[in-house]
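Below: the structure, in structure tokens.
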Amino acid sequence: MASMSHSSIALGGASASDYLRSSTNGVSGVSLRTLGRRTMVTATTRSNLYVTARLKKGKKFDHPWPANPDPNVKGGVLSYLSTFKPLGNAQKPVTLDFERPLVELEKKIVDVRKMAGETGLDFTEQIITLETKYRQALKDLYTHLTPIQRVNIARHPNRPTFLDHIHNITDKFMELHGDRAGYDDPAIVTGIGTIDGKRYMFIGHQKGRNTKENIMRNFGMPTPHGYRKALRMMYYADHHGFPIVTFIDTPGAYADLKSEEQGQGEAIANNLRTMFGLKVPILSIVIGEGGSGGALAIGCANKMLMLENAVFYVASPEACAAILWQTSKAAPEAAEKLRITSKELVKLNVADGIIPEPLGGAHADPSWTSQQIKIAINENMSEFGKMSGEELLKHRMAKYRKIGVFIEGVPVEPEKKVNMKRRDAVASTSLKLEGEVEKLRDQILKAKETSSEEEVELSSEVLNEMIEKLKSEIDEEYTKAAKAMGLEERLTATREEFSKANAEEHLMHPVLIEKIEKLKEEFNTRLSEAPNYENLKAKLETLKDFSRAKAASDAASVKKELNKRFQEAVSRPEVREKVEAVKAEVASSGASSFEELSDELKEKVLMTKREVEAEMAVVLKSLGLELEAVKPNLKEVIAEESLVPNENIQRKLEKLNQEITEKIEEVVRTPEIKSMVELLKVETAKASQTADETQGSQKIEALEQQIKQKIADALSMSGLQEKQEELEKELAAARELAGEESDESLKEDDDDDDEDGSESGRSEIINPSFA
């Protein structure tokens with residue numbers, strides 16, 4: 001066999017590190033950089049073999065390890081290996097829709113401070129007032145959040161992520177990678193860390209802090225490789241006795257075709273089964289949104305805690321709304337029906353505790369939120385530390401066994417017994433009230449049959465008493481309905497805020513106005529779901545019946561009193577003498593119509609009529625009534641009847657009126673107009689209490705003018721004014737045409753009356769015996 005040797009090639013510009021050298025078989029290397037442009041060639045010339053290769057050019061690897069690592073760095077020296085670094089640029093502030101009123105207040109504060117800095121004037125008092133309003137508005141908003149608002153806070157782009165909390169609460173943390181099958185899913189992060197010297201295994205969903213990170217982390221939606229990595233770390237923790245703490249923050253498992261082909265369902269199911277068999281403590285914390293099986297795959301714990309604004313659901317509100325109502329716009333209603341907030345889930349025993357958040361959400365103060373999480377971990381792990389492995393397994397199983405279970409044969413709790421007794425008492429009171437209602441109905445029927453004044457007064461007296469009792473019963477029913485719907489606390493808090501705002505005579509904040517409207521709408525919408533709805537409905541109907549009976553009774557009393565007073569007024573000697581004298585003069589004149597009377601007699605008739613009407617007006621005024629005397633002109637009545645627009649114009653007119661009404665209602669519902677109306681109420685109340693009415697009336701008139709102007713501007717911008725002008729032109733043309741026809745018909749009627757010698761329309765209205 002021929003021996004092989006490799007002759008070295010002397011090439012300028014090549015360093016020793018550029019050559020591949022080996023002592024095997026006496027082979028000496030050649031510069032790969034020098035031969036990089038040439039393809040792989042093998043050739044044998046005599047006893048020499050030449051080998052060349054192309055060097056692949058690539059990006060130089062940037063190793064995270066620094067030249068001089070600090071051994072005392074927070075998290076330990078190995079934290080240099082972590083790819084999770086502080087962001088170079090601060091996150092941009094994001095304002096949610098329901099937070100816009102707060103932004104307006106912030107802008108006002110900034111503007112006033114800027115003005116103070118530019119002018120040098122002292123605006124300290126104004127700034128303090130605005131800051132107080134802002135803090136109060138912030139507190140009011142975040143203590144009465146709706147479920148969909150909490151969903152939006154849980155999804156906030158600036159909400160702290162799993163690794164943000166981990167670096168805030170741990171002394172040292174080392175991230176562990178890989179599922180031992182060649183994959184590492186960045187959407188799930190695992191690692192070992194210490195809190196106050198105690199070692200834990202941390203597992204959590206990781207979202208990105210910006211678009212680039214979100215794409216890299218797949219928006220916190222794990223693939224099967226992520227769940228298998230978590231499973232590997234759970235086995236590792238169970239083997240070494242490390243307590244496990246999981247952080248849940250995912251919209252759900254990634255549901256693409258590739259993930260399903262690689263066994264997404266199997267990976268989740270395997271995690272569920274394994275977590276119920278681990279003999280170490282497991283604590284799950286929902287820090288954002290927990291969606292479906294993607295959250296449960298690392299959430300089968302001895303206890304599950306939730307941040308105050310976190311949510312946990314089997315389907316997102318948008319998906320639920322699309323399924324049930326065929327539109328994602330019904331997401332707010334779906335979020336309410338799903339009962340996905342922390343408070344609701346604690347009531348249902350799905351969650352075991354709530355970790356508080358600062359006002360404004362966790363992103364308002366991430367460090368404070370992390371410290372609350374740390375306190376919760378230490379408290380619960382101290383409790384779990386007293387349990388053995390078997391006790392932990394039984395505790396974990398019991399947690400999930402008791403969800404949604406009603407146990408028969410167990411004695412009723414003392415609190416429930418008290419409630420049951422109270423309900424029995426209410427039922428007996430209701431039965432007593434029903435008996436009184438039936439008796440009163442019989443009395444009303446008897447009062448209708450008899451016309452005596454004593455019976456009417458008796459039924460009216462009893463009616464007033466019964467109506468008050470019914471109102472009290474209905475108030476109690478409303479309170480029960482609010483309690484059953486879980487709105488009692490919100491109603492009480494809103495009522496106190498409203499009373500406080502009225503007492504202090506401040507302008508009601510748009511946030512409070514919007515809150516009252518939403519709460520009112522929510523209460524009315526859900527009222528039919530209350531268990532006592534039918535009872536409440538029956539009592540409301542009874543109250544309506546009794547109110548009608550009372551109105552009828554009052555009307556009968558007023559009618560009798562009115563007739564009595566009229567008879568007394570007309571029967572007065574001086575009035576009777578005048579009337580009789582006028583009657584005699586009219587009869588002796590022999591005139592058949594008012595027009596045939598002499599001017600002097602006409603004046604006497606009219607004067608007597610005015611005196612009688614004056615007497616009637618005095619009687620009505622003594623009863624608290626006002627008289628409006630309308631004397632129609634026959635020609636105007638006929639013209640008005642003939643000027644009724646045709647059906648086409650009538651339809652257009654009704655449509656335009658409806659559009660104008662809707663537009664005005666829309667404008668009045670805007671926060672700006674609402675605040676002006678509330679200010680108008682305050683000014684009106686002040687004006688009624690103060691002696692100086694001039695200044696108050698000027699303010700009221702100015703506010704009224706502003707409100708009218710706002711509504712007028714909105715109507716003019718909506719294009720309704722042009723429609724109204726066009727319709728008025730059509731109506732004027734129709735009236736002109738109808739007026740000409742009515743004049744002709746009136747002339748014809750006058751001619752006919754003259755020919756026939758019949759009485760005119762006026763003689764029918766005014767006749768000699770009118771008195």
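Start at 1 with the first residue, then count along the sequence. Computed from heavy atoms alone, side chains included, the values below leave out hydrogens, waters and symmetry copies.
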Pairwise distance NZ(K471) to NZ(K539) - rounded to 0.5 angstrom: 15.5 Å

Donor-acceptor contact present, side-chain R228 to main-chain T223, <3.5 Å: no

Check against side-chain contact (heavy atoms from CB on, under 4.5 Å), M275 and L272: CA-CA 5 Å; M275 291 186 79; L272 297 176; 5.9 Å; no

Separation between CG of L307 and CG of D249, rounded to the nearest 0.5 Å: 9.5 Å

Flag, side chain of N302 to backbone of I282, donor-acceptor distance under 3.5 Å: yes

Where A137 and L105 come nearest, the two heavy atoms and their spacing: CB-CD1, 4.1 Å

Between CD1 on residue I148 and CD1 on residue I153, distance to nearest 0.5 Å: 11.0 Å

From S367 atom OG to Q372 atom CD, the distance as rounded to the nearest 0.5 Å: 10.0 Å

Close side-chain approach of I373 to I287, heavy-atom, < 4.5 Å: yes

Side chains of I285 and I248 in contact at under 4.5 Å (non-hydrogen atoms): no

Check: N271 side chain, Y227 main-chain N or O, donor-acceptor pair, under 3.5 Å: yes

side-chain contact (heavy atoms from CB on, under 4.5 Å) between I711 and I707, intermediate numbers included: CA-CA 6 Å; I711 295 174; I707 293 171; 4.0 Å; yes

Q371 and N168: side chain donor to acceptor below 3.5 Å: no

Closest contact, heavy atoms only, A321 versus S328: CB-CA, 4.1 Å

Heavy-atom pair with the smallest gap, counting every atom of P317 and L338: CA-CD1, 4.1 Å

Side-chain touch P160/H363, heavy atoms, less than 4.5 angstrom: yes

SB check E541 K537 (cutoff 4.0 Å): no

R159 with E357: basic N within carboxylate O range, under 4.0 Å: yes

Between CD1 on residue I244 and CD1 on residue I203, distance to nearest 0.5 Å: 5.5 Å

Flag for H225-Q262: side-chain donor and acceptor within less than 3.5 Å: yes

Test log, rule side-chain contact (heavy atoms from CB on, under 4.5 Å), inputs L283 and F247: CA-CA 9 Å; L283 178 66; F247 287 72; over 6 Å; no

Expected output: side-chain D179 to main-chain K229 donor-acceptor under 3.5 Å: no

Side chain E99, main chain L138, donor-acceptor under 3.5 Å: no

Pair N535-E477, side-chain hydrogen bond (donor to acceptor under 3.5 Å, both in side chains): steps then yes or no: CA-CA 8 Å; N535 194 17; E477 293 292 344; 3.0 Å; yes

Electrostatic pair E336:R526 at N-O distance under 4.0 angstrom: yes

Salt bridge (charged side-chain N to carboxylate O under 4.0 Å, His left out) between E522 and R490, intermediate numbers included: CA-CA 11 Å; E522 182 181 357; R490 289 171 59 188; 3.0 Å; yes

Side-chain (T250) to main-chain (G290) donor-acceptor, under 3.5 angstrom: no

Atom of A297, atom of M234 and distance for their closest heavy-atom approach: O-CE, 4.1 Å

Over 12 non-hydrogen atoms of neighbours within 6.0 angstrom of NZ in K399: yes

Sidechain-backbone polar pair: Q264 side chain, Y254 backbone, donor-acceptor under 3.5 Å: yes

Under 3.5 Å side-chain donor-acceptor pair for D256 and S259: yes

Distance-only side-chain donor-acceptor flag, Y134 / E106, under 3.5 Å: yes

N/O donor-acceptor pair under 3.5 Å between Q136 side chain and T132 backbone: no

Audit row: E289, Y313, side-chain hydrogen bond (donor to acceptor under 3.5 Å, both in side chains) steps and yes/no: CA-CA 8 Å; E289 56 178 337; Y313 48 73; 2.5 Å; yes

Backbone N/O of A187 and side chain of D185: donor-acceptor pair under 3.5 Å: yes

Other residues, nucleotides, ligands: >12 heavy atoms within 6.0 Å of E704 CD: yes

Residues Q206 and T161: side-chain donor-acceptor under 3.5 angstrom: yes

Smallest separation among heavy atoms of I268 and G294, with atom names: CD1-N, 4.4 Å

Pairwise side-chain contact, L345 with T341, heavy-atom cut-off 4.5 Å (strictly under): no

Nearest heavy-atom neighbours spanning A334 and W325: CB-CZ3, 3.7 Å

Residue pair N270 / R273, side-chain donor-acceptor N/O under 3.5 Å: yes

Enclosure of Q326 CD (heavy-atom neighbours >12, cutoff 6.0 Å): yes

F202/F162 aromatic ring centres below 6.0 Å: no

Atom NZ of K337: over 12 foreign heavy atoms under 6.0 Å: yes

Between CZ on residue F98 and NZ on residue K518, distance to nearest 0.5 Å: 9.0 Å

Verdict with supporting geometry, V151 and I340, side-chain contact (heavy atoms from CB on, under 4.5 Å): CA-CA 9 Å; V151 172; I340 58 179; 3.6 Å; yes

Derivation of the salt bridge (charged side-chain N to carboxylate O under 4.0 Å, His left out) call for E489 and K343: CA-CA 13 Å; E489 294 179 1; K343 288 184 179 179; 5.4 Å; no

Geometric class of the F523/Y478 ring pair [parallel <30°, tilted 30-60°, perpendicular >60°]: tilted

Sub-4.5 Å side-chain heavy-atom contact between M221 and P251: yes

R155 and N152: CA distance, side-chain angles, deciding distance, side-chain hydrogen bond (donor to acceptor under 3.5 Å, both in side chains) verdict: CA-CA 5 Å; R155 296 172 177 171; N152 293 330; 5.0 Å; no

Exam field: side chain N309 to backbone A154, donor-acceptor pair closer than 3.5 Å: no

Sub-4.5 Å side-chain heavy-atom contact between K207 and F219: no

Salt-bridge criterion met for E213 and R209 (N-O under 4.0 Å): yes

Residue from I355, L305, I169 passing side chain to side chain contact (heavy atoms under 4.5 Å, CB included) with I377: I169

